[in-house]
Amino acid sequence: MKKNIPNKLKILNDPIYGFIQIPNSLIFDIIEHPYFQRLRRITQMGFSNLVYPGANHTRFHHAIGCMHLMQKAIRVLRFKQVEISEAEENALCIAILLHDIGHGAFSHALEHSIVNGISHEEISLKFMKKLNQEFAGQLSLAIEIFEGKNARKFLGQLISSQLDIDRLDYLKRDSFYTGVTEGNISSDRLIAMINVKDDELVIEQKGIYSVEKFLIARRLMYWQVYLHKTGLVAENTLVNVLKRAKELAGEGVQLFASSALKHFLEAPISKANFTDETLEIFSRLDDYDVLSAIKEWVHHEDKVLSLLATMIVDRKLLRIEIQQEAFQEVYIAKRREKAMRKFHISEKDVKYFVFHQKISNQAYTLKSPIYILSKNGNLKDIAKASDQLNLQALTIPVVKHFICYPK
């Protein structure tokens, strides 16, 4: 009998771009791998769904969308006589597909609580190297581009720069799912305007207004969505829940948790001891582990853990104040005293309920500029090429201070 060969050139239906085709069997096999399938269980925007109920899309959605945009970008560049080999095309698609594979549960929360000193980019690289072993070295060029070590600079800029494929997808996608229309950039128009000059990824002059809109959209999305005050409270409360759980686990207190979560709560995890075995355990850790644990911790006998968990589960969050200047120590001390009286907690534990930080938003930095290619072939930084005075202002970081405390 003839053996059936599975069709690996599948088509996925994306609500933003429509049909997305998987280009080859290697990429299909990478998508099918458990490491990548885990991204279905990692939300793209953490607890932003507590503010925007539609924001339930995942890192899986985002990665597939990025791969689709990368294919478009390659087609445009080839049409403009930029040489990109089949091997480079494949490597670019794999690199962008896997650029976020190292994100932990609820994206950034793990990096600030139970996994210390190692970023999601470094974990992504560890995953990529592990997959490279499994796929007999077929990811080597993708890893080289991802690390920015490839001789052709523009290939790395497609993966990571101020106008990279990652940003083109997440702004449009996050705008779609939150309903915040200010972030709805024209990724098609921007990709149609890209070119390469002196090995630098550039935008042709007629695309200048699309770049302006992109930068302004990014600024608005940060203040309106990514740094939304309720989102800040929720994310910091999640970080504090995990920190408290880790503190209790370190003291030998029994906590409900999946085996993967238990490992990260009980063992001190850092860059130095993040082994292949740690990576395997990390690959089993996702949003479901954290949420199911938090639901149980609502009933834990530790008052601090129980209160924090309840705040998340019931969406009874702390109050937040945001202002331009740093908060006075007298004001912070007053809030701490009130919280200690309200919850009958010690001075040592009040840090979980009253905390202050600063946030910063810089929509555009001059360190790695977006170049506009003029009709006479000259390159000019967008901040100088634009007649939009706002762009100069976008290069200045805006810093704000916030304090959270019980209502």
Side-chain angles (χ1 to χ4, degrees), residues 15 31 33-66 97-116 118-121 123-124 126-127 166 169-170 173-174 176-178 225-226 228 230-246 249 255-266 269 278-300 305 308-317:
I31 290 170
H33 196 282
Y35 289 169
F36 192 82
Q37 289 296 315
R38 181 185 75 99
L39 296 182
R40 290 183 185 272
R41 304 185 298 278
I42 306 285
T43 182
Q44 173 76 8
M45 295 183 65
F47 275 135
S48 289
N49 63 351
L50 295 182
V51 184
Y52 301 103
N56 290 309
H57 54 303
T58 65
R59 292 272 161 192
F60 183 91
H61 288 143
H62 168 55
I64 297 290
C66 284
L97 191 68
L98 300 178
H99 78 283
D100 271 349
I101 200 169
H103 266 293
F106 289 99
S107 294
H108 295 282
L110 283 192
E111 283 180 73
H112 304 294
S113 53
I114 60 177
V115 177
N116 296 306
I118 183 164
S119 66
H120 70 267
E121 291 93 350
I123 299 172
S124 289
K126 285 180 180 289
F127 272 126
D166 174 32
D169 181 80
Y170 79 62
R173 189 168 298 278
D174 296 349
F176 176 86
Y177 281 100
T178 56
V225 179
Y226 308 127
H228 187 284
T230 308
L232 285 173
V233 179
E235 176 142 339
N236 280 280
T237 305
L238 173 60
V239 168
N240 283 349
V241 168
L242 294 170
K243 278 184 176 175
R244 181 61 172 185
K246 193 167 179 71
L255 292 167
F256 173 88
S258 66
S259 59
L261 180 57
K262 199 180 278 282
H263 177 83
F264 284 92
L265 291 175
E266 292 176 353
I269 304 296
T278 312
L279 191 70
E280 279 304 314
I281 299 167
F282 186 88
S283 75
R284 303 201 309 265
L285 185 61
D286 55 50
D287 290 9
Y288 295 8
D289 299 72
V290 173
L291 264 184
S292 58
I294 289 172
K295 281 173 67 184
E296 283 296 316
W297 294 344
V298 166
H299 311 291
H300 198 274
L305 187 67
L308 291 168
T310 303
M311 285 175 185
I312 289 175
V313 172
D314 294 345
R315 201 189 177 278
K316 303 290 184 193
L317 300 170

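With sequence neighbours excluded, no residue satisfies salt bridge (Lys or Arg N to Asp or Glu O under 4.0 Å) with Arg40. Listed by chain and number, the residues in a salt bridge (Lys or Arg N to Asp or Glu O under 4.0 Å) with Asp100 are Arg59 (sequence neighbours excluded).
Annotation for Leu97 and Ile31: closest pair CD2-CG1, 3.7 Å, computed over non-hydrogen atoms. The shortest non-hydrogen separation linking Cys66 to His99 is SG-CE1, 3.8 Å. Closest approach of Gly102 to Ser124, counting heavy atoms only: N-OG, 2.8 Å. The minimum heavy-atom distance between Ser292 and Phe256, with the atom names listed, is O-CE2, 3.8 Å. In terms of heavy-atom proximity, Leu265 sits nearest to Ala249 at O-CB, 3.7 Å.
By the 4.5 Å heavy-atom criterion applied to side chains, Lys316 and Thr310 are not counted as neighbours.
Using a distance-only test at 3.5 Å, with no hydrogens or angles considered, no donor-acceptor pair links the side chain of Thr178 to the main chain of Ala55. Between the side chain of Gln44 and the backbone N or O of Asn56 there is no donor-acceptor pair closer than 3.5 Å. Ser113 places no side-chain N or O within donor-acceptor distance of the main-chain N or O of Val239, the cut-off being under 3.5 Å. The backbone N or O of Ser258 sits nowhere less than 3.5 Å from a side-chain atom of Asp289 that would complete a donor-acceptor pair.
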Problem set entry | Trace of the side-chain contact (heavy atoms from CB on, under 4.5 Å) decision for Ile294 with Val313 | CA-CA 8 Å; Ile294 289 172; Val313 172; 3.8 Å; yes
Problem set entry | Working for side-chain contact (heavy atoms from CB on, under 4.5 Å), residues Phe282 and Phe264 | CA-CA 8 Å; Phe282 186 88; Phe264 284 92; 3.7 Å; yes
For this session: Evaluate side-chain contact (heavy atoms from CB on, under 4.5 Å) for Met311 paired with Val241, printing each intermediate quantity in order.
Result: CA-CA 10 Å; Met311 285 175 185; Val241 168; over 6 Å; no
For this session: Evaluate side-chain contact (heavy atoms from CB on, under 4.5 Å) for Leu305 paired with Val298, printing each intermediate quantity in order.
Result: CA-CA 7 Å; Leu305 187 67; Val298 166; over 6 Å; no
For this session: Tell me, with the steps shown, if Phe106 and Phe47 meet ring-ring contact (aromatic ring centres under 6.0 Å, His included).
Result: CA-CA 7 Å; Phe106 289 99; Phe47 275 135; 4.6 Å; yes
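If you take NZ on Lys126 and OG on Ser283, they are separated by 13.5 Å, rounding to the nearest 0.5 Å. The line from CD1 of Ile118 to OG1 of Thr278 is 9.0 Å long, rounded to the nearest 0.5 Å. Atom CD1 of Ile101 and atom CZ of Arg38 lie 7.0 Å apart (nearest 0.5 Å). Remark: Thr58 OG1 to Met45 CE distance equals 13.0 Å, nearest 0.5 Å. Taking CG of Leu238 as the start and CG of Leu50 as the end, the distance is 10.0 Å to the nearest 0.5 Å. In this structure, NZ on Lys243 lies 11.5 Å from CG on Leu308, to the nearest 0.5 angstrom.
Taking the six-membered ring for Trp and thresholds of 30 and 60 degrees, Tyr52 and His228 have ring planes more than 60 degrees apart, a perpendicular arrangement. Between His57 and His61, the ring planes are parallel. Angles under 30° get that label, and only those over 60° would be called perpendicular.
For the residue pair Asp166 / His62, a side-chain donor-acceptor distance below 3.5 Å is found, with atom types taken as modelled.
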